[in-house]
2 protein chains.
Amino acid sequence: MTSFTEENYLKVIYKLSSETDSEVSTNAVAEQTQTKAASVSDMLRKLSEKKLVSYQKYQGVRLTAEGEKVALKVIRKHRLWEVFLVEKLGFNWDEVHDIAEELEHIDSEKLVAKLDEYLGFPSFDPHGDPIPDHHGVMPAQTYLTLAEIKKGEEVIMMGVSEHSSAFLQYLDKINLVLGTSIEVLDINNFDKSLQIILSQENSLFITHEVSKNILVKVQ
Amino acid sequence: MTSFTEENYLKVIYKLSSETDSEVSTNAVAEQTQTKAASVSDMLRKLSEKKLVSYQKYQGVRLTAEGEKVALKVIRKHRLWEVFLVEKLGFNWDEVHDIAEELEHIDSEKLVAKLDEYLGFPSFDPHGDPIPDHHGVMPAQTYLTLAEIKKGEEVIMMGVSEHSSAFLQYLDKINLVLGTSIEVLDINNFDKSLQIILSQENSLFITHEVSKNILVKVQ
DNA sequence: GAATAATTTTAGATTAATCTAAAAATTAGT
DNA sequence: ACTAATTTTTAGATTAATCTAAAATTATTC
């Protein structure tokens, strides 16, 4: 069995190694788990003994196939619960992360299966993140960031890569929500800020930093 | 803040002291929490320091008003989640206890409020147990056990006082579920076993032990 | 390519929750 | 009311997860 704490480490290692696609450093894990490097070292040794990660001292860490399986289960549960909270209970998308961080550790295969069915087998969570299926397979997701879109193109907002409440509330305020069509009217060469039109109606400016965190698909 | 473990102790103390309406013994708590008396002593000292219980060495323990408030919140969450699992996800009533034991510790006032609303503010869980409202007030519940009903009387099944999977599955098998009408046809003087008629149709025998664990109301 | 800086690991403690074994207090039996 | 039985508490350990401080390793820079 994996503890609450071990599951969190595996989840963090999964996230970091899928971002960089290489070994994850002790410090990076410490930062994400809000612990100290010394604590991470200890835990990596322990997870390594359990064959959930492959770990060479001083050389960073990777998930084993088994560890990835556990991480994907936790991520699956997290995202399914987020869908539940938003779709069924009426939470806003900026309110659900912390609650899902707790719910993701509830241990019942049958519960996950029934929840999945109840929600209609969703492929994406309220932030547009893909939900692994019960085999741990992630739905294909080939999005671009809004920062990569050329002037004149029109795209649809499909997700975010920053999940902070502050960012999500800002997007709500400017009516930039999942499914919105976005046309890039103009790109400022100096600071890469954008002028965009939402739903062929509202024109507004956003910074490059914001555009980098918005995931879109070309129509 | 109260830990997962502390919450379980408070819940057990609540349950035991509402059964006997007096101080709860260390051994009784140990039995319910599946721990040893020595561990209970330690925990009672700790809960006492936190003012969640009033505890005199060797004299048993009671909840303080504050401790009862915490216990009732946990019980409320447990029972609401059980309703969710049965009503929304389609679980059987004998499958939900262990899952609700985990869900009851999820910490979000807003989640509880929204879940309650989503479920239509239920007053009783799938076993007929009353659900405290958001002030911690239990709905009035003045049931008798089937063992107390006289020959010839007809009652409605409202709940159970034994929650084991084995017992609940047995009730399912004999079609004795919440809401069923039960007429006491005959009472065996020797062993107090009963002959009953369910829904004015099926006649069957049940033991005294079973009848003691079935809660009913007179029509 | 040595010296310095940064990162990572180890050593030794701490906290929460548990245990066993022994001591202390309470309860029961005659 | 005194002894015996039972219950409860204390003492001392253990495990999981964390920490700080010091040591070891790796990376960087001149």
Side-chain angles (χ1 to χ4, degrees), chain A residues 1-14 16-17 19-20 22-63 67 70-71 74 101-102 104-107, chain B residues 1-14 16-17 19-20 22-63 67 70-71 74 101-102 104-107:
Chain A
M1 270 306 300
T2 47
S3 71
F4 188 106
T5 309
E6 288 167 347
E7 287 185 355
N8 281 335
Y9 274 92
L10 294 173
K11 198 178 54 167
V12 161
I13 296 166
Y14 179 90
L16 291 171
S17 68
E19 277 167 9
T20 69
S22 70
E23 271 75 22
V24 174
S25 76
T26 300
N27 262 352
V29 175
E31 196 186 330
Q32 284 283 317
T33 53
Q34 316 249 59
T35 59
K36 302 292 159 143
S39 312
V40 175
S41 281
D42 262 359
M43 182 56 86
L44 295 185
R45 192 187 35 68
K46 185 179 157 194
L47 291 173
S48 183
E49 275 167 23
K50 287 190 163 193
K51 313 271 190 206
L52 295 167
V53 303
S54 59
Y55 167 57
Q56 309 270 74
K57 277 199 269 186
Y58 296 101
Q59 303 305 310
V61 68
R62 267 180 190 281
L63 295 181
V70 175
V74 176
E101 286 287 297
E102 296 190 52
E104 74 190 8
H105 301 292
I106 303 290
D107 178 33
Chain B
M1 269 306 300
T2 47
S3 70
F4 188 106
T5 309
E6 289 167 347
E7 287 184 355
N8 281 336
Y9 274 93
L10 294 174
K11 197 178 56 165
V12 162
I13 296 165
Y14 179 90
L16 291 171
S17 69
E19 277 167 12
T20 68
S22 69
E23 271 76 20
V24 174
S25 76
T26 300
N27 262 352
V29 175
E31 196 186 332
Q32 284 282 316
T33 53
Q34 316 250 57
T35 59
K36 301 292 160 144
S39 311
V40 175
S41 281
D42 263 359
M43 183 55 86
L44 295 185
R45 192 188 32 69
K46 186 180 157 194
L47 291 172
S48 182
E49 274 167 24
K50 287 190 162 193
K51 312 271 189 207
L52 294 167
V53 302
S54 60
Y55 168 57
Q56 307 271 72
K57 278 199 268 189
Y58 296 101
Q59 304 305 309
V61 68
R62 267 181 191 281
L63 296 180
V70 174
V74 176
E101 287 286 298
E102 295 190 51
E104 74 190 7
H105 301 291
I106 303 290
D107 179 33

For A/R62 against A/S22, the heavy-atom pair lying closest together:
NH2-CA, 3.5 Å

Testing A/N8, A/T2, A/T5 for side chain to side chain donor-acceptor pair (under 3.5 Å) with A/H105, which one passes?
A/N8

Consider side chain to side chain donor-acceptor pair (under 3.5 Å). Of A/Q32, A/E6, A/E104, which one does A/K11 pass it with?
A/E104

Can a donor-acceptor pair be found, under 3.5 Å and without considering hydrogens, that links the side chain of A/K50 to the backbone of A/M1?
yes

So, does B/E23 use its side chain to make a donor-acceptor pair with the main chain of B/Q59 at under 3.5 Å?
no

Separation of [N] [atom2] from [X] [atom1] (nearest whole Å):
X: A/R45; N: D/dA16; atom1: CZ; atom2: P; answer: 10 Å
X: B/E31; N: D/dT8; atom1: CD; atom2: C1'; answer: 16 Å
X: A/E7; N: D/dA16; atom1: CD; atom2: P; answer: 16 Å

Does anything in residues 47-62 of chain B reach DNA chain C, meaning a heavy atom under 4.0 Å, and if so which residues?
B/Y58, B/Q59

Please walk me through it: do A/V70 and A/L63 pass side chain to side chain contact (heavy atoms under 4.5 Å, CB included)?
CA-CA 10 Å; A/V70 175; A/L63 295 181; over 6 Å; no

Check nucleotides 18-21 of chain D for protein N or O atoms closer than 3.5 Å to its own N or O atoms and list the pairs.
unit_1: D/dT18; atom_1: OP2; unit_2: A/Y9; atom_2: OH; d: 3.2
unit_1: D/dC19; atom_1: OP2; unit_2: A/K36; atom_2: N; d: 3.0
unit_1: D/dC19; atom_1: OP2; unit_2: A/S39; atom_2: OG; d: 2.4

Could you walk me through whether A/Y9 and A/V40 pass side chain to side chain contact (heavy atoms under 4.5 Å, CB included), step by step?
CA-CA 9 Å; A/Y9 274 92; A/V40 175; 4.0 Å; yes

Please confirm whether the shortest side-chain N or O distance from B/N27 to OP1 or OP2 of D/dT6 is below 4.0 Å.
no

Assign A/S41 to base, sugar-phosphate, or nothing according to its heavy-atom contacts below 4.0 angstrom with the strands shown.
base

How far does CD of A/E19 sit from OH of A/Y14, to the nearest 0.5 angstrom?
11.0 Å

